[in-house]
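Everything below concerns the one structure shown next.
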Amino acid sequence: MDQLRAVKGMDDLFESDLSLWRHVELVARETFLAYGFGEIRTPILEETAVFVRGVGEGTDIVHKEMFTFDDGGRPGDKDGTTSVCLRPENTAGVVRAMLEHGKLFADAYEQVFYVGPMFRREQPQAGRRRQFHQIGCEAFGTSEPGMDVAVMACVHTILDRLGLSSSTKLLLNTLGDPAERRGYTDALVAYFSAHEARLSDDSRRRLKENPLRILDSKDAGDRALAMAAPRPVDFLSDAARAHFDAVCAGLTRLSIPFSRDPFLVRGLDYYTRTVFEFVGEAGLGAQSTVAAGGRYDGLVETLGGRPTPAVGFAGGVERLVLMLKAVGAPAHGVAPELALVGADDGGRALCEQLAFGLRRQGVRVVVDVRGRGVKAQMKSADKSGARHSVVVGSAELGSGQGRVKNMATGDVSDVALSVEALRAVVRAAHAGG
RNA sequence: GCGGUUGUAGCUCAGCUGGUAGAGCACUGGAUUGUGAUUCCGGGUGUCGCGGGUUCGAGCCCCGUCAAUCGCCCCA
């Protein structure tokens with residue numbers, strides 16, 4: 001029989017990697033809370049319409065990358081079926097949830113963050129999986145540039161606390177409001193059409209499907225042409241230009257470095273005005289963007305709500321972890337603090353009692369229940385990375401005293417065989433380093 | 001959807017222009033009785049991804065297929 005295997009592009013994750021994952025998620029959650037965002041969890045499955053309307057029917061994501069299927073309808077009701085899909089991103093779903101629960105009333109002001117899996121049926125490669133994980137936040141209810149800045153500052157803080165701010169850079173651009181974006185797109189099409197013969201095959205296709213994409217083509221010829229292409233700034237209204245200037249000024253006030261990149265575009269339809277990307281320099285293969293986002297003032301209305309300005313971002317957990325590994329970030333291991341080694345049946349029994357008490361206080365303790373020899377248990381304790389060990393046998397049972405061994409230095413010292421005394425040893429170890 | 005590369009023990013890999021498979025690591029037992037990392041000795045493991053073909057004979061050659069991986073497209 002063939003070995004069963006995970007679905008293509010979907011990974012099994014183990015502790016060796018997950019300690020880094022937890023670190024990323026923990027830092028992200030703490031930072032979001034520090035910035036005033038509250039958590040939101042929405043279903044992984046949404047009606048397909050959420051993304052068709054929210055993300056845009058013409059986008060590749062919706063067009064060919066969603067895991068879509070029919071929900072089967074209610075039992076006995078063949079006609080009442082609904083098309084559902086695994087969420088390919090979370091912004092549209094979050095907006096749907098906010099609307100459904102009446103959070104986006106007039107003058108609503110809400111900030112939410114999320115952490116969770118997303119699904120896209122793409123060809124897997126480094127930093128790109130079919131099930132991947134994003135952290136992200138959305139701020140609703142203000143068109144003030146200060147919120148654009150706050151969102152970017154939040155990303156910056158997360159990266160900074162992960163030790164990645166110096167190996168990432170922030171790229172910033174504005175797409176203007178919808179009318180301006182349309183006008184700009186038309187100008188781009190006109191420009192590139194005039195030079196169509198010099199465009200790459202891919203970009204000739206983009207000319208029809210997604211002209212903005214030509215700007216960040218990887219083809220050298222395309223890039224040369226793009227250098228002389230019309231710039232979004234030239235199409236901005238005074239209001240949009242002022243907004244962009246204010247965003248730049250805000251970042252500067254916070255001493256957050258950024259580069260204006262007139263070629264930066266976003267793949268999703270809903271972006272307006274501010275768009276940004278944090279790109280990494282190491283370990284990411286061809287997928288260098290670790291976090292990206294922008295303003296989407298029209299999305300809430302598109303999904304059936306009142307016009308509500310909003311801005312947010314999403315970051316890729318896999319990509320952040322890849323970067324952490326690339327820069328040699330220390331694994332946030334969770335090695336046992338204490339290994340209790342039973343030398344005989346009586347000793348083992350006491351070890352199990354002590355472990356029970358210590359674990360109830362959150363101390364990480366390992367006990368070998370297999371009845372192996374002291375030597376074998378010590379070897380395992382060593383491999384586990386345990387900081388201390390105590391051997392418990394008949395002698396210790398009699399005296400109520402044991403000897404704690406510091407596994408790193410080999411030093412031993414006497415300790416009473418009680419939960420309190422052992423815990424004190426562990427605490428001392430924490431305090432010492 | 002399209003390209004490139006790869007597929008040999010749990011892991012990392014070797015395998016000499018085809019002659020019936022190896023190393024390191026890991027795991028495990030022991031080196032005077034209850035104390036680990038170094039050292040020494042011992043131990044097990046493979047349908048050589050799968051299916052065909054060529055050949056006296058294939059892990060090595062050919063075809064197909066599956067999978068992984070990197071990249072394109074696209075995206076976090």
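Protein chains get the first letters and strands the later ones, always in sequence-line order, with residue 1 at the start of each. As the structure is a computational prediction, the values presented were derived from the model and not from experiment. Hydrogens, waters and symmetry mates play no part in the numbers below; they use all other heavy atoms, side chains included.
- Nucleotides B/G52 and B/A58, compared at atom C1', are 14 Å apart to the nearest Å.
- Relative orientation of the A/Phe32 and A/Phe313 rings is tilted, given thresholds of 30° and 60° on the angle between their planes.
- For A/Lys405, the listed nucleotide lying nearest its side chain is B/U35; candidates were B/G34, B/U35, B/C74.
- Summarising the geometry, the separation between CG on A/Asp202 and C1' on B/G1 is reported as 12 Å, rounded to the nearest angstrom.
- Ring geometry for A/Phe276 versus A/Phe278: interplanar angle over 60°, hence perpendicular rather than tilted (30 to 60°).
- With ring centers used as reference points, A/Tyr184 lies under 6.0 Å from A/Phe235.
- Partners of A/Arg130 under the side chain to side chain donor-acceptor pair (under 3.5 Å) rule, at least two apart in sequence or in another chain, do not exist in this structure.
- Look at A/Arg129 and you'll find a side-chain N or O under 4.0 angstrom from OP1 or OP2 of B/U69.
- Between the side chains of A/Asp222 and A/Ser200, at least one donor-acceptor pair of N or O atoms lies under 3.5 Å.
- A/Tyr114 and A/Thr42 share no donor-acceptor pair across their side chains, judged by distance under 3.5 Å alone.
- When the shell of 6.0 Å around CD of A/Glu57 is examined, it contains 12 or fewer heavy atoms from other residues, nucleotides or ligands.
- The main-chain N or O of A/Arg22 is never found under 3.5 Å from a side-chain atom of A/Glu25 such that the two would form a donor-acceptor pair.
- OP1 or OP2 of B/C72 sits under 4.0 Å from a side-chain N or O of A/Lys218.
- Contact annotation: A/Arg266 reaches the phosphate of B/A76 (side-chain N/O to OP1 or OP2, under 4.0 Å).
- OP1 or OP2 of B/C72 has at least one side-chain nitrogen or oxygen of A/Gln125 nearer than 4.0 Å.
- Across all strands shown, A/Ala6 has no heavy atoms under 4.0 Å from either base or sugar-phosphate atoms.
- A/Val290 comes within contact range of the sugar-phosphate backbone alone, with a heavy-atom separation under 4.0 Å but no base atom that close.
- Atom NZ in A/Lys375 sits about 7 Å away from atom P in B/A31, given to the nearest Å.
- Rounded to a whole Å, the CG atom of A/Leu215 is 12 Å from the P atom of B/C74.
- Sequence order on RNA chain B of the closest nucleotides to A/Gly9 and A/Glu277 puts A/Gly9 first from the 5' end.
- Of the side-chain N and O atoms in A/Lys8, one or more sit less than 4.0 angstrom from OP1 or OP2 of B/A68.
- No contact: A/Gly293 has no heavy atom under 4.0 Å from any strand.
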Can you pull every protein N or O that's under 3.5 Å from an N or O on nucleotides 25-27 of chain B?
residue	atom	partner	partner atom	Å
B/C27	OP1	A/Lys383	NZ	2.7

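- When the nearest nucleotides of RNA chain B are assigned to A/Met407 and A/Ile61 by heavy-atom distance, the more 5′-ward of the two goes with A/Met407.
- Listed pair A/Arg206 / B/C74 meets the phosphate criterion, a side-chain N or O lying under 4.0 Å from OP1 or OP2.
- With no hydrogens or angles considered, a side-chain donor-acceptor pair links A/Glu277 and A/Thr289 at under 3.5 Å.
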For RNA chain B, the dot-bracket notation using Watson-Crick and G-U wobble pairs below 3.5 Å, [ ] for pseudoknot-type crossings and | for other-strand pairs, is (((((((..((((........)))).(((((.......))))).....(((((.......))))))))))))....
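- In this structure, of B/A37, B/G34, B/U28, it is B/G34 that holds the atom nearest to the side chain of A/Ser394.
- If you check every strand for non-hydrogen atoms under 4.0 Å, A/Gln123 touches a base.
- Of the options A/Arg273, A/Arg266, A/Glu138, a side-chain hydrogen bond (donor to acceptor under 3.5 Å, both in side chains) to A/Tyr296 is made by A/Glu138 and by none of the others.
- One donor-acceptor pair, N or O on each side, does fall under 3.5 Å between the base of B/G34 and the side chain of A/Glu396.
- Looking at heavy-atom distances under 4.0 Å, A/Ala314 makes contact with sugar-phosphate atoms alone, never a base.
- Across all strands, A/Ala339 comes closer than 4.0 Å to no nucleic acid atom at all (heavy-atom distances).
- Residue contacts shown for A/Arg205 are limited to sugar-phosphate atoms, with no base heavy atom under 4.0 Å away.
- Salt-bridge formation is detected for the pair A/Asp201/A/Arg204: a Lys NZ or Arg NE/NH1/NH2 atom is positioned less than 4.0 Å from an Asp or Glu carboxylate oxygen.
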